[in-house]
Amino acid sequence: TVTVGGGGAGRTGSSGTGNNGSNSVFNDLTAIGGGGGSNGDAASGGSGGGGSGGLYSYAPGGGTSGQGNSGGYGYGSSTESVRAGGGGGGAGGTGVNGSSNHGGNGGNGISSSITGTSVNYAGGGGGAIYSGTQGLGVYGGGNGGVNGGGGSGTTNTGGGGGGSTAGGNGGNGGSGI
């Protein structure tokens, strides 16, 4: 049995949680879909979503042992303009924490030549920022938004979607291989 997991849909609007990606299956092997981001604590999955940066610093989602890593913490502040989201976790590394005026970068994925050519897979999406430097998505992950929506992960890489600020839409995760 072969099932290609779909990327999770990004959060829409100013509240709620992005959807986790669906699992990919090859015979008896299952790759768990990544955790969605949130306007609070993020969800866990194969790799975890990045935590939100609001009035408080919210926690990232956790990763699954042997498959992925946790996301980064958001940066909270009473000053809205410096709030930042944490980066999503990747298959090869933990998402970077958000900091004042800088969204966290996504965690590294892994490179594989399963298709005959070396391709980067399963990287985390970047965290969003109101004013400053967006977090960058890596290994197929989408970039975080700057006072707006995030970029989507690259199709067929399993890369995470980038985070958004309130009112924007989070990026969708990329589908599996």
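For reference, positions follow the sequence shown, starting with 1.
At distances below 3.5 Å, not a single donor-acceptor pair connects side-chain atoms of Asn97 with backbone N or O atoms of Gly104. Ser175 contributes a side-chain N or O that, together with a main-chain N or O of Asn156, makes up a donor-acceptor pair within less than 3.5 Å. Remark: side-chain polar atoms of Gln134 are paired, donor with acceptor, to backbone N or O of Gly144 under 3.5 angstrom. Of the possible donor and acceptor atoms, one in the side chain of Asn23 sits under 3.5 Å from a partner among the backbone N and O of Gly33. With hydrogens and angles ignored, the 3.5 Å screen pairs a side-chain donor or acceptor of Asn143 with a backbone N or O of Gly137.
Taking the side chain as every heavy atom from C-beta outward, Ser24 and Thr30 never approach each other to under 4.5 Å. No side-chain heavy atom of Asn169 sits under 4.5 Å from any side-chain heavy atom of Ser164. Proximity of Tyr75 to Val82: side-chain heavy atoms (C-beta onward) are separated by under 4.5 Å at one or more points.
Heavy-atom minimum distance, Gly49 versus Ala42: O-CB, 3.3 Å. Counting all heavy atoms, side chain and backbone alike, Gly68 lies closest to Ser47 at CA-OG, 3.2 Å. Of all the heavy atoms in Ala84 and Gly98, the pair that sits closest is CB-CA, 4.3 Å.
Ser100 OG to His102 NE2: the interatomic distance, rounded to the nearest 0.5 Å, is 11.0 Å. In this structure, CG in Asn147 is found 7.0 Å from OH in Tyr130, a value given to the nearest 0.5 Å. Rounding to the nearest 0.5 Å places OG1 of Thr3 at 10.5 Å from CG of Asn27. In this structure, the separation between CG on Asp41 and OG on Ser57 is 10.5 Å, given to the nearest 0.5 Å.
Within the structure, the side chain to side chain donor-acceptor pair (under 3.5 Å) test picks out no pair touching residues 63-72 (sequence neighbours left out).
Cluster membership check: Ile114 shares its hydrophobic cluster with Val119, using side-chain heavy-atom separations under 4.5 Å among Ile, Leu, Val, Met, Phe, Trp and Tyr.
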Working note: Leu55 + Ser78, criterion side chain to side chain contact (heavy atoms under 4.5 Å, CB included); need CA distance, chi angles, decisive distance, verdict.
CA-CA 5 Å; Leu55 186 59; Ser78 59; 4.1 Å; yes
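Residues passing the side-chain hydrogen bond (donor to acceptor under 3.5 Å, both in side chains) test with Asn108: none are found, sequence neighbours excluded.
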